[in-house]
Undergrad: 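Can you read through this structure? Questions will come right after.
Since we're looking at a predicted model, the values are computed, not measured. Here is the naming used below: chain letters follow the sequence lines, and residue numbers restart at 1 for every chain. Values reported hereafter were calculated over all heavy atoms of this structure, with side chains retained and with hydrogens, waters and symmetry mates removed.
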There are 2 protein chains.
Amino acid sequence: MTENDRPLRADAARNRARVLRVAYETFAEEGAGVPIDEIARRAGVGAGTIYRHFPTKEALFQAIVADRLRQVVERARDQAATDPGEGLYAFLFHLAEQGATDLGLTEAFAGSGFDLATSLPEAEREFTTLMADMLARGQRAGTVRPDVDVDDVKTLIVGLQAMRRFRGEQAERLYPLIRAGLTPR
Amino acid sequence: MTENDRPLRADAARNRARVLRVAYETFAEEGAGVPIDEIARRAGVGAGTIYRHFPTKEALFQAIVADRLRQVVERARDQAATDPGEGLYAFLFHLAEQGATDLGLTEAFAGSGFDLATSLPEAEREFTTLMADMLARGQRAGTVRPDVDVDDVKTLIVGLQAMRRFRGEQAERLYPLIRAGLTPR
DNA sequence: TGCTAACCGGAACGAGCGTCCCGATTGTAT
DNA sequence: ATACAATCGGGACGCTCGTTCCGGTTAGCA
């Protein structure tokens with residue numbers, strides 16, 4: 001019960017929203033390593049203002065990642081409903097593209113100094129469930145090998161995002177190849 | 001011509017070798033981010049001693065990586081000579097395994113704050129040539145798709161090492177899958 | 001309008017790390 | 001054995017960055 005229901009003062013609410021928006025962009029561009037002062041500068045506030053809304057830098061990063069994950073999961077749900085056979089592939093490659101423009105998300109998946117399952121267990125569980133679902137659908141539709149499991153898909157996501165992050169658009173050339181590897185012979 | 005041909009004093013030579021050996025192990029375990037003081041402590045010397053042999057931490061890291069690359073290339077040459085069809089696959093998966101126990105090497109390939117082609121152009125060229133060679137052999141032997149090029153292989157290496165590094169042995173389950181993707185249908 | 005609690009910016013603090021410096025030590029040539 | 005130059009260890013310095021603190025400012029209510 002650390003909740004505080006009293007509504008924020010107008011300026012405080014404005015600043016909080018501003019910080020969130022700027023932090024979102026900044027983590028995406030620079031990754032989790034960016035200094036708090038840089039986010040404060042971009043948002044036009046003092047560092048103290050950020051710390052009044054988020055107890056640590058880590059907490060701010062988590063808030064952003066949780067939100068980002070929610071978006072990704074939502075999108076994937078639509079994808080899966082549309083085409084069971086393609087859902088998993090569309091999701092994988094979409095995630096890879098996201099990783100290209102969102103360094104923070106990539107780091108969250110890779111787990112560099114930040115364990116998703118520990119920090120955001122709820123979001124992680126939702127994400128895993130969704131993936132299991134899409135995988136099963138693909139396997140039923142015959143577009144995905146039956147011997148692939150959820151952990152394999154998670155591993156693949158890490159690899160795909162690393163390729164996309166470090167090798168740029170060059171990585172896209174490998175998507176068909178990955179798909180071929182996942183397809184039953 | 002920044003060379004200095006005068007032989008090192010006995011203690012200096014001993015320390016230099018000791019630092020190289022310890023730095024090798026330490027970068028492998030902890031990655032390029034490990035403090036110089038930690039390497040100095042493990043080697044039983046002062047930080048100043050390291051700086052007398054290597055102008056910067058970066059230079060020490062480069063020296064280690066260059067050596068590591070040389071080993072990898074040498075091993076790959078043997079591999080390629082033995083079995084043209086399997087050479088590329090053996091090399092890829094060997095590199096992935098190396099990445100598991102050698103964080104420094106992984107970082108060098110991924111290019112996180114360190115561009116191989118710029119820092120060690122010679123080693124990089126040799127590495128690239130070897131890869132092109134193995135790729136061509138595999139394609140001639142019919143075990144590798146003809147539409148794959150050297151850049152694709154480099155991208156794959158980044159992905160494989162990321163998988164191995166962040167997902168541990170779990171990554172090995174995907175090796176056959178990657179191979180399937182690379183094999184002509 | 002005036003009061004006050006909430007909020008603000010940014011200076012200050014402390015920890016971590018790369019690099020430099022210097023008085024003490026030691027290898028080596030004579 | 002002696003002398004001197006090379007080398008050594010580790011403390012000092014400067015910088016970055018997360019976090020805290022505080023004197024000044026402002027929103028919201030009476």
Undergrad: What is the distance from CD1 of B:Ile50 to P of C:dT19, rounded to the nearest Å?
TA: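 Atom-to-atom, B:Ile50 to C:dT19, this comes out as 11 Å.
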Undergrad: Could you pull out the closest heavy-atom pair between B:Ala28 and B:Asp102, with the gap in Å?
TA: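 Distance-wise, the nearest heavy atoms are CA-OD1, 3.5 Å.
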Undergrad: Please check the phosphate of D:dC8 (OP1 and OP2 only) for any side-chain N or O of B:Asn15 closer than 4.0 Å.
TA: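 Checking D:dC8 against B:Asn15, a side-chain N or O does come within under 4.0 Å of OP1 or OP2.
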Undergrad: Tell me: CG of B:Asp11 to C1' of D:dG9, nearest whole Å?
TA: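 Atom CG in B:Asp11 sits about 13 Å away from atom C1' in D:dG9.
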Undergrad: If I take atom CZ in residue B:Arg9 and atom P in nucleotide D:dT7, what distance separates them, rounded to the nearest angstrom?
TA: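 Atom CZ in B:Arg9 sits about 6 Å away from atom P in D:dT7.
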Undergrad: Salt bridge or not for B:Arg42 and B:Glu25, using N-O below 4.0 Å?
TA: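 No, no charged N to carboxylate O under 4.0 Å.
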Undergrad: Would you please say whether a donor-acceptor pair under 3.5 Å links the side chains of B:Thr101 and B:Glu97?
TA: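 No, B:Glu97 and B:Thr101 have no side-chain donor paired with an acceptor closer than 3.5 Å.
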Undergrad: Can you check the A:Glu58 CD to D:dG18 C1' distance for me, whole Å?
TA: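 In whole Å, D:dG18 C1' and A:Glu58 CD are 12 Å from each other.
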Undergrad: Contact list please: residues 30-48 of chain A against DNA chain C, heavy atoms, distance less than 4.0 Å, in numerical order.
TA: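 Per residue number, the list reads A:Gly44, A:Val45, A:Gly46, A:Ala47, A:Gly48.
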Undergrad: Taking only the side-chain nitrogens and oxygens of B:Tyr51, find out if one of them lies under 4.0 Å from OP1 or OP2 of C:dC20.
TA: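 Checking C:dC20 against B:Tyr51, no side-chain N or O comes under 4.0 Å of OP1 or OP2.
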Undergrad: Is A:Leu160 reachable from A:Val144 through a run of hydrophobic residues whose side-chain heavy atoms are each under 4.5 Å from the next?
TA: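 Yes: a chain of side-chain contacts under 4.5 Å links A:Val144 to A:Leu160.
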Undergrad: In the structure I gave you, are the side-chain heavy atoms of A:Ile157 and A:Met131 within less than 4.5 Å of one another anywhere?
TA: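 When only atoms from C-beta onward are counted, A:Met131 and A:Ile157 do touch, with a gap below 4.5 Å.
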Undergrad: Look at the side-chain N and O atoms of A:Arg52 and state whether any lies under 4.0 Å from the OP1 or OP2 oxygen of C:dC8.
TA: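 For C:dC8, OP1 or OP2 has a side-chain N or O of A:Arg52 closer than 4.0 Å.
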Undergrad: Check this for me, if you would: do B:Lys154 and B:Glu124 make a salt bridge, where the nitrogen-to-carboxylate-oxygen distance has to be below 4.0 angstrom?
TA: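 The answer is yes: the pair qualifies as a salt bridge.
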